[in-house]
Amino acid sequence: MKKVLSVIIPTYNMESLLAQSLDSLVGSPAIDRVEVVVVNDGSRDGSLVIATHYAERYPNSVRVIDKPNGNYGSTINAALPTLRGEFVKVLDADDRFDCAVLERAVD
């Protein structure tokens, strides 16, 4: 299915909040039309493990880019050339979507 929205989630040591952010996306009925790209910015905690777990569970919707620590902008720049969605949204790892709002936005 064509991806309407690409969501970039930059993450650096966000182990305690990343799953909540990802759950707000994969729990939406619109997930088949959304591409989620988690960019791990050299985290020293379990952020990469969590992101990889979601990529394994949702291989058609979630991908992970693992890169050395740079900065916030470098995470977005790492993701941009790989995106397949028509529109792009950056979602911080400590934030989340309302599933109903996401579905309406993708529609």
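FYI, the numbering just counts along the sequence from 1. Note that this is a predicted model, so its numbers are computed, not measured.
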### Query
Hey, mind stepping through I76 and V39 against side-chain contact (heavy atoms from CB on, under 4.5 Å) and telling me if it holds?
CA-CA 8 Å; I76 296 166; V39 184; over 6 Å; no

### Task
Sorted by first residue and then second, give each side chain to side chain donor-acceptor pair (under 3.5 Å) pair with at least one member in residues 26-38; sequence neighbours left out.
S6-E35, R33-D107, E35-R63, E35-R84

### Task
Could you tell me which residues satisfy side-chain contact (heavy atoms from CB on, under 4.5 Å) with R57, sequence neighbours excluded, listed by chain and number?
H53

### Query
Can you list every salt bridge (charged side-chain N to carboxylate O under 4.0 Å, His left out) pair that touches residues 65-81, not counting sequence neighbours?
D41-K67

### Task
Tell me, with the steps shown, if Y54 and D23 meet side-chain contact (heavy atoms from CB on, under 4.5 Å).
CA-CA 9 Å; Y54 278 83; D23 284 342; 2.5 Å; yes

In residues 86-104, what donor-acceptor pairs under 3.5 Å come from side-chain atoms, sequence neighbours left out?
{"residue": "D92", "atom": "OD1", "partner": "Y72", "partner atom": "OH", "Å": "2.7"}
{"residue": "D98", "atom": "OD1", "partner": "A100", "partner atom": "N", "Å": "2.9"}
{"residue": "D98", "atom": "OD1", "partner": "V101", "partner atom": "N", "Å": "3.2"}

#### Entry: Worked check of side-chain contact (heavy atoms from CB on, under 4.5 Å) between V34 and V36
CA-CA 6 Å; V34 176; V36 180; 4.1 Å; yes

### Query
For the hydrophobic clusters of this structure (ILVMFWY residues joined by side-chain heavy atoms under 4.5 Å, transitively), does one cluster hold both L5 and L83?
no

### Query
Got a donor-acceptor contact below 3.5 angstrom from the S47 side chain to the S43 backbone?
no

### Task
Report yes or no: do V62 and V37 belong to one cluster of Ile/Leu/Val/Met/Phe/Trp/Tyr joined by side chain heavy-atom distances under 4.5 Å?
no

## Note on the structure
side-chain contact (heavy atoms from CB on, under 4.5 Å) filter on N77, not counting sequence neighbours, yields L80

### Query
Judged by atom type as modelled, is there a donor-acceptor pair below 3.5 Å linking the side chain of S61 to the main-chain atoms of Y58?
no

Please output the side-chain donor-acceptor pairs of residues 7-19 that fall under 3.5 Å, not counting sequence neighbours, one pair per line with the distance.
{"residue": "N13", "atom": "OD1", "partner": "R44", "partner atom": "N", "Å": "2.6"}
{"residue": "N13", "atom": "OD1", "partner": "D45", "partner atom": "N", "Å": "3.3"}
{"residue": "E15", "atom": "OE2", "partner": "G46", "partner atom": "N", "Å": "3.4"}

